[in-house]
Amino acid sequence: MTITLRCAATAFVLHAAVACAVSAQASDSTSAVQLQQRWWRAFAVADTATVRARSTANVFLTLSTGESFAGDAVMRQAASNSTTGGLVMTFSDERVRFATPTVAVVTTRVSEVAGPTTSVLRFMTVLERGAEGWRVAAAQSTRELLPSPRRYGADGASGTALADYVGAYRTPRGLALRIQVRDSTLAMIEPSGREILMEPVGPGLFELAGVSPANGLVRLLFTRDAAGRVTALSQLVTGAVNTYPRIP
């Protein structure tokens, strides 16, 4: 009987300890999520006092533009942000992972609305916990690519207009890209034979279906001469425009 009571008492203590640990981690997760929300909001609206108070001394930041900042440079970058336009930030899909009991990684999806502009980003925030609670040690933002609305059957993407674009276009290496009609849109056939659908987004303007790992969203623009004949195909990628003349 004594052994049974001791075992029961031990089990109770262990259960209580586990419950306490789970509760503590849940509390840590909540406070970490709240801190990263407050930090990013402060950064976006140039609240440098909050950014500084909630950051480690050597905080490191990488933005979706590819720019990186450290320490006081993070504060200067925060100060340069515009506070106009009634910015609204909506956080979702928030997750916390503990690398150690004092280091947490928070990931979240954020919708930013400033006036007529909406952006969707992913934030990853590394937090360190000290005597004063959680502080941001490193942070990174990545912009989600939002494809343009498709405009099938309108604005130059009708079945009749599509035939104007059919043909071959010469690449800088002397190879040929071929354009063919596929139902209500076009397809681009690369020199290798790979076929990619082109989805209409405006007059003479298309986006490749899917996202290129190297270039993100890729847009293709057909140009015409004074007589209205299609003469070239231009590939629009981040930071570059590649133009392919039509092969007669």
Side-chain angles (χ1 to χ4, degrees), residues 6-83 87-114 118-146 211-214 216:
R6 287 177 178 172
C7 288
T10 301
F12 175 80
V13 171
L14 289 174
H15 177 76
V18 170
C20 183
V22 170
S23 177
Q25 189 172 69
S27 177
D28 284 346
S29 295
T30 299
S31 60
V33 166
Q34 292 173 343
L35 185 279
Q36 65 90 28
Q37 287 186 7
R38 185 177 179 185
W39 191 91
W40 279 107
R41 283 197 177 100
F43 178 81
V45 299
D47 180 1
T48 54
T50 297
V51 173
R52 186 179 296 278
R54 299 294 174 177
S55 302
T56 61
N58 58 345
V59 61
F60 186 79
L61 170 68
T62 300
L63 297 178
S64 59
T65 58
E67 298 173 290
S68 294
F69 308 91
D72 287 341
V74 175
M75 312 308 151
R76 290 193 292 272
Q77 182 62 24
S80 71
N81 290 333
S82 172
T83 59
L87 178 67
V88 176
M89 300 177 72
T90 303
F91 293 79
S92 61
D93 192 22
E94 292 170 308
R95 304 180 186 186
V96 181
R97 299 164 181 81
F98 291 95
T100 71
T102 58
V103 176
V105 179
V106 183
T107 57
T108 187
R109 186 174 189 265
V110 183
S111 173
E112 292 187 348
V113 180
T118 299
S119 301
V120 179
L121 301 107
R122 293 275 181 177
F123 292 159
M124 183 175 71
T125 314
V126 180
L127 309 178
E128 292 182 358
R129 183 170 56 187
E132 298 181 352
W134 293 111
R135 294 291 182 270
V136 174
Q140 179 172 335
S141 66
T142 303
R143 188 174 301 275
E144 277 194 9
L145 296 176
L146 299 177
V211 176
S212 164

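Note that the numbering runs from 1 along the sequence shown for the chain.
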For this session: Might you work through the side chain to side chain contact (heavy atoms under 4.5 Å, CB included) test for V103 and F98, ending with a clear yes or no?
Result: CA-CA 6 Å; V103 176; F98 291 95; over 6 Å; no
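- E94 CD to Q36 CD: the interatomic distance, rounded to the nearest 0.5 Å, is 5.5 Å.
- Side-chain atoms of Q77 and E67 include no donor-acceptor pair closer than 3.5 Å.
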Exercise. Between M124 and T142, is a side chain to side chain contact (heavy atoms under 4.5 Å, CB included) present by the stated rule, with each step listed?
Worked result: CA-CA 9 Å; M124 183 175 71; T142 303; over 6 Å; no
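- Rounding to the nearest 0.5 Å places CH2 of W134 at 13.0 Å from OG1 of T56.
- W40 and F123 have parallel rings, their planes meeting at less than 30° on a 0 to 90° scale where 60° marks the start of perpendicular.
- Atom CE of M89 and atom CZ of F43 lie 10.0 Å apart (nearest 0.5 Å).
- The backbone N or O of S141 sits nowhere less than 3.5 Å from a side-chain atom of S64 that would complete a donor-acceptor pair.
- Within the 4.5 Å cutoff, the side chain of F60 has heavy atoms near those of the T62 side chain.
- There is a side-chain donor-acceptor pair under 3.5 Å between S119 and R143.
- Between Q37 atom CD and T125 atom OG1 the span is 10.0 Å, to the nearest 0.5 Å.
- Separating the CG atom in L35 from the CG atom in D28 is a distance of 12.0 Å, to the nearest 0.5 Å.
- Salt-bridge annotation for R41 and D47: absent, with no side-chain N of the basic residue lying under 4.0 Å from a carboxylate O of the acidic one.
- Annotation: side chain of D72 is in contact with side chain of R52 (closest heavy-atom distance under 4.5 Å).
- R135 contributes a side-chain N or O that, together with a main-chain N or O of A53, makes up a donor-acceptor pair within less than 3.5 Å.
- Side-chain atoms of T108 come within 3.5 Å of backbone atoms of S92 as a donor-acceptor pair (strictly under, hydrogens ignored).
- A heavy-atom distance below 4.5 Å is not found between the side chains of T107 and R122.
- Considering all non-hydrogen atoms of both residues, L87 and A114 come closest at CD1-CB, 4.1 Å.
- Interatomic distance, E144 CD to S111 OG, rounded to the nearest 0.5 Å: 9.5 Å.
- Closest heavy-atom contact between S29 and V96: O-CG2, 3.8 Å.
- Of the possible polar contacts, none joining the R109 side chain to the V120 backbone as a donor-acceptor pair under 3.5 Å is found.
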For this session: Check the pair V110, T90 against side chain to side chain contact (heavy atoms under 4.5 Å, CB included), reporting the backbone distance first and the verdict last.
Result: CA-CA 6 Å; V110 183; T90 303; over 6 Å; no
